[in-house]
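Notes for the one structure printed next.
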Amino acid sequence: MQKVRVRFPPSPTGYLHIGGARTALFNWLFARKHGGVLVLRIEDTDVERSTPEAVEEILEGLRWMGLDWDEGPYFQTQYTLEHKEVARRLLDSGQAYRCFCGKEALEAKRAQAVRLHLSYQYDGTCRDIPPEEALQRELKGEPFVVRFKVPRDQGSVVWQDAVFGTEEKAHKDIEDFVILRSNGTPIYLLSNMVDDHRDRITHVIRGQDHRANTPKQVLLYKALGWEVPLFAHISLTLDPKRRKISKRVHGDVVTVRYYRERGFLPWAFCNFIALLGWSPGDDREILSRQELLEAFSLERLSRSNSVFNYDPEDPKLIADPKALNINAHYIRTMPLKELLPFVEEELRLKGLWNPSYADDLRDWFQSTVELIRARYFTLEDFSRQGRAYFSEDYAMDEKAWERNLKADPRIPGWLMELAGRLESLGVFSLESTERVIREAAEEWFVKPGLIINAVRAAVTGQTVGPGLFDVLVCIGQARVVDRLRRVSGKLKQEPEGKGG
RNA sequence: GUCCCCAUCGUCCAGCUAGGCCCAGGACACCGGUCUUUCAAGCCGGCAACACGGGUUCAAAUCCCGUUGGGGACGCCA
């Protein structure tokens, strides 16, 4: 059996989006699973829209996802000559012909067809111009495009698709399509398959939006006497209104960069998009790289499109809730050692990184991450909800202030008193801090919860978090005492009865 | 308009190839309960779907036909 060779051929006209990332992931999985080769090819023939920045953006996205390639990136524009030669070959062998119909004439015909509610197909006006005459006209400088001569018989093109099975398209439903523009440059349809052939691609795994092109390309393979690869057309990812997802209408949520910037773990992101239109066949949803590789197969790819569920109106929902959930799962359960570098990067990015976290405070840093990660969803949570663990400059959540700190007018006094008692503790431990707070509650005839919640709010700025005594020990005696006094002072300054 | 594809909870998937094990299973979301010092954490539970109509069959989510709905493609874009 020949070695598996697949390719990912993005056109560098914009950001790498979810759909493209998914196609890349499936190609990568297939290549890695079968010990094959993944070729990265940049289809930059649309000179108008292609930019070097977009190329870099795509490569960065792939690298971030952890998808490595074995060959390339190759650039399609470097092979233009070869594409033209192939077209010439088709022309010379009579399998293609020169078409002198002007753009305007064709557009008029098309408009006419639309007006009459008829289907439009090129009518073959130039198909039967004798080759010598066509050549003469070319020599005279008359502009022309080259069209492929689709067999005009009752036959059909047949090919294999791993997702859709045996596919067939009647010749009569395929028009004589253009392969070379009047300026002599090749059309994608041609370039793409010529490149696939040169790269010895065995499996073409691409989006379903390319499905209708397939019979044309198969025709080309056969005309050239080339071996036809096996195709796999993967389902599309739609938005909640079932529109094809695009950067233009959906904005950043559909770009890979967005997930990276919003604190997704690369593998959590891969895991999520792998589940859009594919499943291992059982109930597993969290799959490690190894498990995904073992479970992956083209045959299990779904034929129906899937919806990427997000609500641009809802500011809390920064992405599909399931994506968030999968990310949370990994943050909370992955080996701490693997998570640490991501947290470090996040803190660095937000200016919260302290070099001693990797040195003297190494143990403290690790146990802190372990303590707080249990209820985080994204890496950003470490620098937002978790800010108080790494900085004195943390925000006070409004709910924490109103509900926990202003729950009782005596709280400022209690916090001040508690600060003193905690400060005098010789051993600042889970047991000693708990004892101080519970004894105080008893002494003041209030439920411990009232004190505990107030202290949590004061010390972390949050209404929720790990168990309070863990938090206190983590933040440390000096910082806790300091914060209690500071917040107590602020509470006293605040005028009474501000809202009720 | 033409050609093609798809159709299971709100969403993502399982079940369909070889009909009975499915008055349909898992996950997310949502709702409720519970633990507790908090919950955006944990645990427990609930709501919720075979698009519709005909067939075939002892039996259909599964097979066939039609309808409806959705999607894709129809460029001298990729």
**Asked** From C6(B), C74(B), G72(B), pick the nucleotide closest to the side chain of Leu236(A)?
**Response** G72(B)

**Message:** Can you see whether Thr378(A) engages Glu380(A) through a side-chain donor-acceptor pair at a distance of less than 3.5 angstrom?
**Reply:** no

**Prompt:** Looking for any heavy atom pair under 4.0 Å, which part of the strands does Asn213(A) touch: base, sugar-phosphate only, or nothing?
**Reply:** base

**Prompt:** Given atom CG of Asp123(A) and atom C1' of C74(B), what is their separation to the nearest angstrom?
**Reply:** 16 Å

**Asked** Looking at U37(B), C5(B), A78(B), which one has an atom nearest to any side-chain atom of Ile452(A)?
**Response** U37(B)

**Prompt:** Is the ring of His233(A) stacked on the base of G72(B), with centres less than 5.5 Å apart and planes under 30° off?
**Reply:** no

**Fill in**
Picking from C76(B), U37(B), C12(B), the nucleotide nearest the side-chain atoms of Leu275(A) would be C12(B)

**Message:** Please pick, from C12(B), A73(B), C76(B), the nucleotide with the shortest atom-to-atom distance to any side-chain atom of Arg110(A).
**Reply:** C76(B)

**Message:** Can you tell me which nucleotide in U38(B), U11(B), C28(B) comes closest to the side chain of Arg242(A)?
**Reply:** U11(B)

**Prompt:** Any chance the side chains of Asn305(A) and Ser235(A) put a donor and an acceptor closer than 3.5 Å?
**Reply:** no

**Message:** Quick check on A78(B): is either OP1 or OP2 less than 4.0 Å from any side-chain nitrogen or oxygen of Thr13(A)?
**Reply:** no

**Message:** Does U37(B) have OP1 or OP2 under 4.0 Å away from a side-chain N or O of Arg456(A)?
**Reply:** no

**Message:** Can you tell me which residue among Leu59(A), Asn27(A), Val6(A) is in a side-chain contact (heavy atoms from CB on, under 4.5 Å) with Trp69(A)?
**Reply:** Leu59(A)

**Asked** Where the side chain of Asp209(A) is defined as all heavy atoms beyond and including C-beta, which of G72(B), C74(B), C4(B) is the nearest nucleotide?
**Response** G72(B)

**Prompt:** Counting any heavy atom closer than 4.0 Å, what does Ser50(A) reach on the DNA or RNA strands: base, sugar-phosphate only, or nothing?
**Reply:** nothing

**Request:** Taking only the side-chain heavy atoms of Ser304(A) (C-beta and beyond), determine which of G75(B), A78(B), A7(B) contains the nearest atom.
**Result:** A7(B)

**Request:** For Arg41(A) and Ser11(A), test the side chains for any donor-to-acceptor distance below 3.5 angstrom and give the result as yes or no.
**Result:** no

**Message:** From the set A40(B), A78(B), U37(B), return the single nucleotide nearest to any side-chain atom of Arg181(A).
**Reply:** A78(B)

**Request:** Fit a plane to each ring of Tyr310(A) and His250(A), take the angle between them on a 0 to 90° scale, and name the class: parallel (under 30°), tilted (30 to 60°) or perpendicular (over 60°).
**Result:** perpendicular

**Working for side-chain contact (heavy atoms from CB on, under 4.5 Å), residues Thr23(A) and Ile234(A)** = CA-CA 8 Å; Thr23(A) 304; Ile234(A) 67 181; 3.5 Å; yes

**Complete:** Among the nucleotides U37(B), C76(B), C28(B), whichever has the atom closest to the side chain of Pro321(A) is C28(B)

**Item:** Those residues of residues 279-288 of chain A lying under 4.0 Å from RNA chain B by at least one heavy atom
**Value:** Ser279(A), Gly281(A), Asp283(A), Glu285(A)

**Request:** Examine Phe296(A) together with Phe26(A) and report whether their ring centres are nearer than 6.0 Å.
**Result:** yes

**Prompt:** Quick one: is A73(B) close enough that its OP1 or OP2 comes under 4.0 Å of any side-chain N or O from Lys244(A)?
**Reply:** yes

**Message:** Categorize Val145(A) for me: base, sugar-phosphate, or nothing, with a 4.0 angstrom heavy-atom threshold over every strand shown.
**Reply:** base

**Prompt:** Below 3.5 Å, does any donor atom in the side chain of Lys103(A) face an acceptor in the base of C76(B), or the other way round?
**Reply:** no

**Given A14(B), U37(B), C39(B), the nucleotide with the shortest approach to the side chain of Arg375(A)** = C39(B)

**Prompt:** Between atom CZ in Arg243(A) and atom C1' in G72(B), what is the gap in whole Å?
**Reply:** 16 Å

**Nucleotide G72(B), atom P - distance to CG of Asp239(A) in whole Å** = 10 Å

**Any-strand Watson-Crick or G-U partner of G53(B), both distances under 3.5 Å** = C65(B)

**Asked** With a 3.5 Å cut-off and just heavy-atom distances, do the side chain of Ser306(A) and the base of C12(B) make a donor-acceptor pair?
**Response** no

**Request:** Check the surroundings of atom CD in Glu398(A): do more than 12 heavy atoms from other residues, nucleotides or ligands lie under 6.0 Å from it?
**Result:** no

**Message:** Tell me whether Asp408(A) contacts the main-chain N or O of Ile451(A) through its side chain, where contact means a donor paired with an acceptor under 3.5 Å.
**Reply:** no

**Request:** Check whether any side-chain nitrogen or oxygen of Arg300(A) sits under 4.0 Å from OP1 or OP2 of C16(B), and answer yes or no.
**Result:** no

**Fill in**
note: Asn305(A), atom CG; G72(B), atom C1'; distance rounded to Å ~ 8 Å

**Asked** Does OP1 or OP2 of C5(B) have a side-chain N or O of Arg211(A) closer than 4.0 Å?
**Response** no

**Complete:** Whole-Å distance, Ile18(A) CD1 to C12(B) P, equals 13 Å

